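Bear in mind that the values here come from a model prediction, so they are computed numbers and not experimental data. Scope of the values below: all heavy atoms of this structure, side chains included, with no hydrogens, waters or symmetry mates.
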Amino acid sequence: MDKIDSEQPLQSCSNNNKNTVTNGDGINGTNAKCLENKRIHNEDLLDQVKQDFDNLKDIQNFNRIGSMVVPICATQDQLVCEMLVSAEHVNSKGTLHGGQTATLTDIVTARAIGMSVRDRGMASIEISCSYFLPVKLDDTVIITANVLKVGRNVAFAECEFRRKSDGKLAAKGKHTVAILPNAPPVTASGQIIQY
Ligand SMILES: CCCCCCCCCCCC(=O)SCCNC(=O)CCNC(=O)[C@H](O)C(C)(C)COP(=O)(O)OP(=O)(O)OC[C@H]1O[C@@H](n2cnc3c(N)ncnc32)[C@H](O)[C@@H]1OP(=O)(O)O
């Protein structure tokens with residue numbers, strides 16, 4: 001099994017009764033990558049965030065870029081996803097485009113924050129990325145987003161991009177989000193429209 005970041009501290013989601021202690025043998029038969037972290041996986045949060053990503057599959061706006069992201073593990077303040085790097089994600093050198101990485105930073109960290117902030121609108125106020133190593137076409141990136149702080153008006157998150165092929169850190173992103181006073185718009189079926 002591929003290493004993600006075994007140096008992450010142990011965490012738990014104590015406010016949910018559907019927690020699963022991860023043990024390296026898989027969660028309900030899935031190949032959840034947070035297993036290496038020995039974190040406490042939250043099945044309800046993962047279902048919720050999977051739905052959030054599924055909602056991107058049918059949209060026409062820029063956020064469709066996130067539709068190939070697959071959430072694989074969720075705790076209260078961490079979201080682990082993976083994405084196969086395909087032709088639409090790469091630059092002329094055939095490696096993951098920096099703008100794509102920045103967009104993934106936005107989308108994945110926003111959903112990590114969105115696991116706990118559901119009733120307020122949000123707007124990105126700062127994003128930054130550092131690029132350490134290229135990620136080649138047909139490799140997979142493991143994206144681990146950590147929510148650092150959710151305050152009354154501002155939330156902070158960061159994420160790591162690791163190459164699945166060798167586990168090396170390819171990029172890091174940071175995202176600061178304003179939490180707006182109003183509720184986010186929702187569709188008739190109750191789906192949150194944040195973008
Ligand atoms: C699905 C799972 C979860 C998923 C969770 C996903 C959450 C992440 C969502 C990320 C979405 C983005 O990326 S958004 C794209 C990038 N970010 C942006 O475009 C943000 C641009 N910046 C802003 O809108 C503003 O600076 C704010 C809202 C951040 C802070 O505003 P402020 O400090 O109150 O400043 P102020 O000058 O009074 O207002 C400036 C303008 O901000 C807007 N604005 C101000 N307040 C509000 C408000 N409550 N609601 C709406 N819009 C507001 C108005 O357009 C206003 O113009 P007027 O009406 O006065 O003329």
Side-chain angles (χ1 to χ4, degrees), residues 2 4 18 20 26-35 41-91 94-124 127 129 135-147 155 157-165 170-171 173 175 177 180 183-195:
D2 306 302
I4 297 177
K18 278 202 179 177
T20 306
I27 296 166
N28 296 338
T30 64
N31 184 24
K33 300 300 181 195
C34 61
L35 299 177
H41 171 73
N42 184 311
E43 201 68 33
D44 284 344
L45 278 178
L46 184 62
D47 288 346
Q48 174 187 290
V49 83
K50 275 182 176 169
Q51 185 61 56
D52 290 339
F53 276 98
D54 275 351
N55 293 338
L56 300 180
K57 293 198 166 92
D58 301 321
I59 61 172
Q60 298 299 314
N61 68 37
F62 189 67
N63 292 296
R64 69 191 185 284
I65 280 175
S67 64
M68 286 182 65
V69 174
V70 180
I72 49 180
C73 176
T75 70
Q76 197 67 43
D77 56 5
Q78 188 185 71
L79 175 62
V80 184
C81 301
E82 66 179 22
M83 190 192 81
L84 176 67
V85 176
S86 307
E88 70 218 67
H89 305 128
V90 298
N91 54 32
T95 61
L96 184 63
H97 192 290
Q100 177 74 45
T101 306
T103 300
L104 291 169
T105 295
D106 179 319
I107 290 174
V108 176
T109 56
R111 274 150 189 78
I113 295 168
M115 292 191 301
S116 50
V117 181
R118 305 294 291 181
D119 57 350
R120 304 267 297 276
M122 290 188 258
S124 304
I127 289 181
C129 286
V135 184
K136 289 183 183 152
L137 181 69
D138 294 331
D139 199 349
T140 294
V141 275
I142 309 289
I143 309 162
T144 302
N146 286 299
V147 179
E158 64 181 15
C159 63
E160 286 189 355
F161 294 79
R162 286 184 184 270
R163 302 189 300 208
K164 190 171 184 180
S165 53
H175 190 189
V177 172
L180 303 174
V186 291
T187 64
S189 60
Q191 176 192 325
I192 297 172
I193 311 165
Q194 281 272 24
Y195 295 96

Between [atom1] of [X] and [atom2] of [Y], what distance do you get to the nearest 0.5 Å?
| X | Y | atom1 | atom2 | value |
| --- | --- | --- | --- | --- |
| Lys50 | Leu46 | NZ | CG | 4.5 Å |
| His89 | Ile65 | NE2 | CD1 | 7.5 Å |
| Leu104 | Cys159 | CG | SG | 8.0 Å |
| Thr105 | Ile143 | OG1 | CD1 | 8.0 Å |
| Asp106 | Cys129 | CG | SG | 9.5 Å |
| Ser86 | Asp138 | OG | CG | 7.0 Å |

Could you please spell out the steps behind the side-chain contact (heavy atoms from CB on, under 4.5 Å) verdict for Leu79 and Val49?
CA-CA 9 Å; Leu79 175 62; Val49 83; 3.7 Å; yes
Quick check: closest heavy atoms across [X] and [Y], and the distance to 0.1 Å?
| X | Y | result |
| --- | --- | --- |
| Asp44 | Asn42 | N-OD1, 3.0 Å |
| Asn63 | Leu56 | O-CD1, 3.7 Å |
| Pro71 | Phe53 | CG-CD1, 3.5 Å |
| Thr109 | Ala157 | CB-CB, 3.8 Å |
| Arg162 | Glu160 | NE-OE1, 3.1 Å |
| Thr103 | Phe62 | OG1-CE2, 3.5 Å |

Do Asn146 and Glu158 meet the criterion of a side-chain donor-acceptor pair at a distance under 3.5 Å?
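The criterion, which ignores hydrogens and geometry beyond distance, is not satisfied for Glu158 and Asn146.
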Distance-only side-chain donor-acceptor flag, Gln48 / Asp52, under 3.5 Å
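No, no side-chain donor-acceptor pair sits under 3.5 Å.
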Quick one: do Val135 and Met83 satisfy side-chain contact (heavy atoms from CB on, under 4.5 Å)? Show the steps, please.
CA-CA 11 Å; Val135 184; Met83 190 192 81; over 6 Å; no
side-chain contact (heavy atoms from CB on, under 4.5 Å), that's the test. Do Leu180 and Arg120 meet it? Break it down for me.
CA-CA 6 Å; Leu180 303 174; Arg120 304 267 297 276; 5.8 Å; no
Is the shortest distance from a Lys or Arg side-chain nitrogen in Asp54 or Lys57 to a carboxylate oxygen in the other one below 4.0 Å?
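Looking at Asp54 and Lys57, the cut-off is met.
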Kindly indicate whether the side chain of Val69, heavy atoms from C-beta on, has any atom under 4.5 Å from the side chain of Ile107.
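No, side chains not in contact.
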Between Pro184 and Met122, is any pair of side-chain heavy atoms under 4.5 Å apart?
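They are not in contact (no side-chain heavy atoms under 4.5 Å apart), so the answer is no.
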Can you list the steps and then say if Val80 with Thr144 is a side-chain contact (heavy atoms from CB on, under 4.5 Å)?
CA-CA 4 Å; Val80 184; Thr144 302; 4.0 Å; yes
